[in-house]
Amino acid sequence: MEGKVLCTYAGIVALLLCSSVNFIQSPSDVFGPVALLEPTASAARDFGGVVSEAAIAVMQPGSPADIARLLGALSSTGPGPGPKAAVAARGAGHSLHGQAQARGGIVVETRALPRLVEVVRRGDGDGGGAAYADVGGGALWVEVLEECLRAGLAPRSWTDYLYLTVGGTLSNGGISGQAFKHGPQISNVLQLEVVTGTGEVVTCSPTQSPELFFAVLGGLGQFGIITRARIPLQVAPPKVRWVRAFYDSFETFTKDQELLVSMPELVDYVEGFMVLNEQSLRSSSVAFPAQVNFRPDFGSDDGTNKKVCYYYCIEFAVHDFQRQDSAADHVVDLVSGKLSYLRPHAYSVEVAYWDFLNRVRMEEESLRRRGLWDVPHPWLNLFVPRHGVARFMDLLMATIAQGDFEGPVLVYPLLTHRWDGNMSAVVPAAPDGVMYVFSVLRSTDPARCGRACMERILEQHRRVADEACRRLGAKQYLARQPSLAHWRDHFGASWDRFVARKARFDPMNVLGPGQGIFPWTDSSSSPM
């Protein structure tokens, strides 16, 4: 193994020495003692499965100092121009469009970092007092949950899927059904340790190096690599009362969702999804451990007599602390009584808190059994301001064929005031403070949908996204924009700030080439 590392190191150095845009005096000027490995297949692959860009090397850092040495060497200007290679941080590999890849560059596999999860509890009470967890940037959220639950605590804000890295979700946003109440994951961070594009290891917070702190959160990996995060904790409930209620009216469905998010003192989680067909209904019930006797008529589309019916499901949850004064069942009854669902189609079940948060794992296992997990996922994720939701639905449904659509379509409201405008993440302007996340989470079976089919889906999604952003003021989430002009439009009024932060923390454009925002060149100029 040692010989393989050294040979790879020598080969890469030789490649860089021969590059016409680099003038390196000696190998130690490039990487010093940094060990690099041959590129792996996974370094050019992600969950999206639609982009594959080969790196020239992979780094598996044993500490933040390893990353610092690499970035410091690559970003140093010295006597010659430009960086010698670009660098992408890769966590669990769940990017959708090659954002964690580095064509001709170096992929830093953050899962190799120490996966520490250190829980510190300095107070008591229902809010967890001053409890927090110091966690490694390469740790998975499921690992954070496991360790925190041992202390009876848990983070407040989650993603639906827990097998993502802390550094990965904090570089994007991190949303789930708790976001209406606590904000996204990026709004639930006390402190970060970051290796900047210049190779500096910085501890930052809202009061210590705040510009870097806010830049990195939702910063798409453009300013630094997150190696540690301090996450506030709350007391974890032993159980959760989980409710699903069905609708045949989109207007009623969204009205009731907005009612639920207006009651954060009662409700702890709110999401929703479309029920497009029988398979959609079955798939959505995999993790829900209650008998659902909802058998709707989806209509038919035979080409001549088109009558298609869609349905919708709200799911909400209430924490149950299993105390004598606990009122979870009463709260569920009270809240359910205010909703206008299709009676009697509301279903409630009590589950362990762990099982609730880890619910998507069961859906993953089901998809793996059906051969639909390790396949291309041409997803579409948008934040749509409330005033444009009905028009967006018309746009979206024109791209969905009811019979053969495979995967969930999530629809639920978020509150814009829970997002800190100092952070790099962008949300739409919503005068009433309400936006909806629309997540079209397709799985494409290569036997039924080949490359040409997938490209058509991607093109449809691009048209829908362009129209929604231009006409409705929507913003894409987890997307790679197709051009610099699109990135400028995406960031809008915050574009100049984003560019200035890049010039400060990664002036040589070493980081995050897969996003396509700041292509690294042999100069340090930034897009204007």
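Source: prediction; values computed, not measured.
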Test: Arg111 and Glu143 ion pair at under 4.0 Å: yes
Can Arg230 be said to sit on top of Tyr132's aromatic six-ring, NZ or CZ under 6.0 Å from centre and within 45° of the ring axis? yes
For the ring pair Tyr412 and Tyr436, is the centre-to-centre distance below 6.0 Å? no
Regarding Lys502 and Asp506, does a basic nitrogen lie under 4.0 Å from an acidic carboxylate oxygen? yes
Please confirm whether the ring centroid of Tyr311 lies under 6.0 Å from the ring centroid of Phe253. no
Pair Phe356 + Trp158: ring centers closer than 6.0 Å: no
For ring pair (Phe, Tyr, Trp, His ring centres under 6.0 Å), just list the numbers for His319 and Tyr269, CA-CA rounded to whole Å, side-chain angles, deciding distance to a tenth of an Å, and then say yes or no. CA-CA 9 Å; His319 291 173; Tyr269 165 98; 9.3 Å; no
Is a salt bridge present between Arg361 and Glu364, judged by a nitrogen-to-oxygen distance below 4.0 Å? yes
Salt bridge or not between Glu315 and Arg244? Use side-chain N to carboxylate O under 4.0 Å. yes
Within 45° of the axis and under 6.0 Å from the centre of the six-membered ring of Phe498, does NZ or CZ of Arg501 qualify? no
Can you name the salt bridge (charged side-chain N to carboxylate O under 4.0 Å, His left out) partners of Arg369, sequence neighbours left out? none
is_close_aromatic(Tyr347, Phe288), centroid dist under 6.0 Å: no
For residues Phe383 and Trp419, establish whether the separation of their ring centroids is below 6.0 Å. yes
Are Tyr163 and Trp141 an aromatic pair, judged by ring center distance below 6.0 Å? no
Pair His345 and Phe246, ring centroids less than 6.0 Å apart: no
Kindly say whether Ser205 contributes a backbone atom to a donor-acceptor pair with the side chain of Gln208 at under 3.5 angstrom? no
For Asp333, the side chain to side chain contact (heavy atoms under 4.5 Å, CB included) test, sequence neighbours excluded, returns none
